[in-house]
Asker: 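The structure follows.
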2 protein chains.
Amino acid sequence: MKKVQNILNENNIKPTFERLSILQYLESGTNHPTAGMIYEAMRKKIPTISKTTVYNTLKILKSHDIIHSISVPDGETHYDVNTQVHYHFYCTECHKIYNLELDCPQLENKLIEGHKINNFHGYFTGICKKCLKKNNN
Amino acid sequence: MKKVQNILNENNIKPTFERLSILQYLESGTNHPTAGMIYEAMRKKIPTISKTTVYNTLKILKSHDIIHSISVPDGETHYDVNTQVHYHFYCTECHKIYNLELDCPQLENKLIEGHKINNFHGYFTGICKKCLKKNNN
DNA sequence: GTGGCTGCAAATCATTTGCATATAC
DNA sequence: GTATATGCAAATGATTTGCAGCCAC
């Protein structure tokens, strides 16, 4: 908890219980939750929390570059605390998102074909190994 | 028009006027339209067309791998007929999507870390060259 | 006439917004 | 007390669904 406390302090974000809990939750896992998933997880700990607070918190964390949002083809925005650029794999069957170890385009040179680059996100889609096994392929 | 006619025939998709027009529209440009943009463009040609037909057509084209959907952080699904894997650049200011010439991960080896790969999409985000100029940066 | 398209309207679902209350310093 | 955070409810906007009419073969 110390760590997330510090992250918020360093960014001049008031460390409320809700914000600490949400960031803690994001830091503790390697899943890439949606706002809805975060809301459901938080409710177990803070039954009175509202979706508004979840969205507000995600917005402020994102604006300070503490988290990134990733877009995959399921209509929901997912969030990731791993701010290092890396590829994802999105399973079209179970909708889980995995991190991949592949080398990524470097953003050092922040200009590509005249455009100023801020960020990169790459994802593969397909069937994950668990679903492959389940379907005994 | 011949070309899109053939594409639909080869895939056993009944080549209705609406479907031909939508696919023609997608084939003719390098923009990466959303369903809404396609609907608006179609209305000029077919004033009676409905959004349902646009969505239905996109769904059937996608299921035959004639088009791909791409997800960028604007909450709308964009569509792309360029089925060759390539990177995109998404401008967070004007929301335009550009194609990039960079080399992409090859999908030949269709297994990565145990997952079966069907597709790849990578996008950079930032400020495009037009918006940079407009802001005279 | 039967199956498959089309199109309207309503439903759904993620996200945003307005506002009123609560909390912290 | 004032600013800021929270939370409810309503609004928005993309997409989906149910259903009725229509068209082609």
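Sequence lines set the chain letters: A, B, ... in the order given, protein chains first and strands last, and positions in each chain run from 1. None of the values given here were measured: they were computed from a predicted structure.
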Asker: Output yes when at least one side-chain N/O atom of A/T16 is less than 4.0 Å from OP1 or OP2 of C/dT23, else no.
Answerer: no
Asker: Between D/dA14 and B/T77, is there an OP1 or OP2 to side-chain N/O distance shorter than 4.0 Å?
Answerer: no
Asker: Base, sugar-phosphate or nothing for A/T34? Non-hydrogen atoms, less than 4.0 Å.
Answerer: nothing
Asker: Once you round it to whole Å, what is the distance between C1' of D/dT17 and CG of B/L58?
Answerer: 17 Å
Asker: Can you check the A/I60 CD1 to D/dA5 P distance for me, whole Å?
Answerer: 6 Å
Asker: Which nucleotide wins on minimum distance to the side chain of B/K14, given the candidates D/dA5, D/dT15, C/dG4?
Answerer: C/dG4
Asker: Tell me: CD of B/E40 to P of D/dG13, nearest whole Å?
Answerer: 13 Å
Asker: Under 3.5 Å, is there a donor-acceptor pair between the side chain of A/E93 and the main chain of A/C128?
Answerer: no
Asker: To the nearest Å, how far apart are A/K59 NZ and C/dA14 P?
Answerer: 19 Å
Asker: Starting at the 5' end of DNA chain D, which residue's closest nucleotide do you reach first, A/I46 or B/Y79?
Answerer: A/I46
Asker: Can any side-chain N or O of A/H78 pair as donor or acceptor with the backbone N or O of A/I70 at less than 3.5 Å?
Answerer: no
Asker: Ignoring hydrogens and angles, answer whether the base of C/dC8 and the side-chain atoms of B/T52 contain a donor-acceptor pair closer than 3.5 Å.
Answerer: yes
Asker: Quick one: A/E76 CD to C/dA14 P, roughly how many Å, whole number?
Answerer: 5 Å
Asker: Evaluate the ring planes of B/F89 and B/Y98, with Trp represented by its six-membered ring, and classify them as parallel (under 30°), tilted (30 to 60°) or perpendicular (over 60°).
Answerer: tilted
Asker: Going by the angle between their ring planes, with limits at 30° and 60°, are B/H121 and A/Y123 parallel, tilted or perpendicular?
Answerer: perpendicular
Asker: Counting heavy atoms from C-beta on, name the nucleotide in C/dT15, D/dT6, C/dG7 closest to the side chain of A/T53.
Answerer: D/dT6
Asker: Whole-Å distance between C/dT6 P and B/Y39 OH?
Answerer: 14 Å
Asker: From OH of B/Y55 over to C1' of C/dT12, roughly how many Å is that when rounded to an integer?
Answerer: 13 Å
Asker: B/H115 side chain to A/K129 main-chain N or O, any donor-acceptor pair under 3.5 Å?
Answerer: yes
Asker: Is any side-chain N or O of B/S50 under 3.5 Å from a base N or O of C/dC8, one able to act as donor and the other as acceptor?
Answerer: no
Asker: Rounding to an integer number of Å, can you tell me how far B/K62 NZ sits from D/dT15 C1'?
Answerer: 12 Å
